Amino acid sequence: DVVSALERWLDALPAIDERLALAIDLRFLAEFEKSTRARFVTVMTSLEVLADQRPRPEVAARHVEALISSTRTLQNKTDSDDRRALDSLLGALEGLRVQSITSAVGDLVRTHAPGLVVDNVPADRFVVRCYRIRSNLVHEGRSEECDAALPHLQLLADEILLRMMRATS
């Protein structure tokens, strides 16, 4: 079973990648969450920890930099109330320098579980759907899809973690 495999793997390793260790901790923690919603968010977070957000392709990066430059120019010409709004906008634009976390989680699954099918869809598409469910839970407190998706998400997270552990041992 997954718990036994994780315990044996952890005991055998002299050192462990910190992100993988945190992902494993979160996956274990999810089993103790009382609500389905909290369990879902925790399992999804265990995958999010492992996702690498790559820089945007060159054409997109140049466009983002142009938007940042234009916003900074405007910011220097405005009063303090508008400046705060532009500060917030700059923060959002700077976040666009890298791919979205949703896309990065999809890439994680494509890399570590190519060809895997979950709930009758490719695993990378399933996990993107789960990230949308997670966002609804975090920002709205609810999602009708959570209960049905959770068992599949748990199995997918377990599979990704096991494959990543095997790759490092």
Side-chain angles (χ1 to χ4, degrees), residues 1-7 9-10 16-57 60-61 63-64 67 84-167:
D1 94 326
V2 173
V3 172
S4 298
L6 286 171
E7 288 171 346
W9 180 77
L10 287 172
I16 183 172
D17 174 82
E18 289 299 320
R19 289 172 48 196
L20 183 54
L22 177 57
I24 292 166
D25 287 345
L26 288 165
R27 181 60 190 93
F28 274 125
L29 177 64
E31 293 304 310
F32 297 99
E33 297 288 358
K34 292 186 184 204
S35 77
T36 302
R37 294 178 306 169
R39 193 172 308 124
F40 191 97
V41 170
T42 306
V43 173
M44 194 65 228
T45 302
S46 74
L47 293 175
E48 185 178 349
V49 164
L50 298 170
D52 291 317
Q53 289 178 276
R54 295 184 321 268
R56 299 264 182 196
H63 185 65
V64 168
L67 290 170
R84 279 191 295 278
L86 291 172
D87 283 342
S88 176
L89 181 58
L90 274 173
L93 288 170
E94 288 169 354
L96 292 176
R97 288 178 168 146
V98 294
Q99 77 182 123
S100 71
I101 189 64
T102 306
S103 177
V105 170
D107 286 351
L108 172 78
V109 171
R110 256 187 308 284
T111 299
H112 294 284
L116 188 66
V117 173
V118 177
D119 198 18
N120 299 314
V121 296
D124 59 322
R125 285 191 14 225
F126 173 78
V127 79
V128 166
R129 187 177 95 211
C130 286
Y131 201 82
R132 193 172 50 254
I133 293 168
R134 173 235 174 253
S135 294
N136 289 340
L137 288 168
V138 169
H139 300 290
E140 299 171 19
R142 62 183 178 79
S143 173
E144 281 70 34
E145 300 176 80
C146 176
D147 290 347
L150 178 61
H152 302 289
L153 177 61
Q154 288 173 305
L155 290 173
L156 176 60
D158 293 347
E159 186 64 29
I160 298 294
L161 289 171
L162 286 171
R163 289 179 184 202
M164 291 183 79
M165 291 181 324
R166 286 183 192 123

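Values below: every heavy atom of this structure, side chains too, minus hydrogens, waters and symmetry copies. Not measured: the values here are computed from a predicted model.
- A 4.5 Å side-chain heavy-atom check between Asp158 and Arg27 finds at least one atom pair inside the cut-off.
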Handout entry: Trace of the side-chain contact (heavy atoms from CB on, under 4.5 Å) decision for Val118 with Val127
Key = CA-CA 9 Å; Val118 177; Val127 79; over 6 Å; no

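- For Gly106 against Val128, the heavy-atom pair with the smallest separation is CA-CG2, 4.2 Å.
- Using a 4.5 Å heavy-atom threshold, the side chains of Leu161 and Leu20 count as touching.
- Between His63 and Arg56 the shortest side-chain heavy-atom distance does not fall below 4.5 Å.
- Taking every heavy atom of both residues into account, Val49 and Ala23 meet most closely at CG1-N, 4.2 Å.
- Salt bridge status for Glu145 with Arg129: present, with a side-chain N to carboxylate O gap under 4.0 Å.
- Distance check, rounded to the nearest 0.5 Å: CG of Asn136 to CD of Glu144 gives 8.5 Å.
- Residues Ala51 and Arg19 share a closest heavy-atom pair of O-NH2, 3.5 Å.
- At least one donor-acceptor pair under 3.5 Å links the side chain of Arg37 to the backbone N or O of Gly141.
- Between the CZ atom of Arg39 and the SG atom of Cys146 there is a distance of 9.0 Å, given to the nearest 0.5 Å.
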Problem - Evaluation steps, side-chain contact (heavy atoms from CB on, under 4.5 Å), between Glu159 and His112 - result: CA-CA 9 Å; Glu159 186 64 29; His112 294 284; over 6 Å; no

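- With contacts defined as side-chain heavy-atom distances shorter than 4.5 Å, the pair Val109/Leu116 does not qualify.
- For Glu18, the CD atom counts as loosely surrounded, since its 6.0 Å shell holds 12 or fewer non-hydrogen atoms of other residues, nucleotides or ligands.
- Annotation: the span from Ser46 atom OG to Leu153 atom CG amounts to 7.0 Å, rounded to 0.5 Å.
- Under a 4.0 Å N-O distance rule, the pair Arg110/Asp107 qualifies as a salt bridge.
- Residues Ser100 and Ser103 come closest through the heavy atom pair OG-N, 3.0 Å.
- Taken to the nearest 0.5 Å, the CG atom of Leu156 stands 6.0 Å off from the CG atom of Leu47.
- The backbone N or O of Gln99 lies less than 3.5 Å from a partner atom in the side chain of Gln53, making a donor-acceptor pair.
- In plain terms, the two heavy atoms of Ala149 and Phe40 that are nearest each other are CB-CE1, 3.9 Å.
- From Ile160, atom CD1 reaches atom CE of Met165 across 11.5 Å, with rounding to the nearest 0.5 Å.
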Practice task
Verify side-chain contact (heavy atoms from CB on, under 4.5 Å) between Val105 and Met44, making sure each step is shown before the conclusion.
Solution key: CA-CA 9 Å; Val105 170; Met44 194 65 228; 3.6 Å; yes

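- Closest approach of His152 and Phe126 over heavy atoms only: CB-CZ, 3.4 Å.
- Note that CG of Leu50 and OG1 of Thr111 are 11.5 Å apart. Values are rounded to the nearest 0.5 Å.
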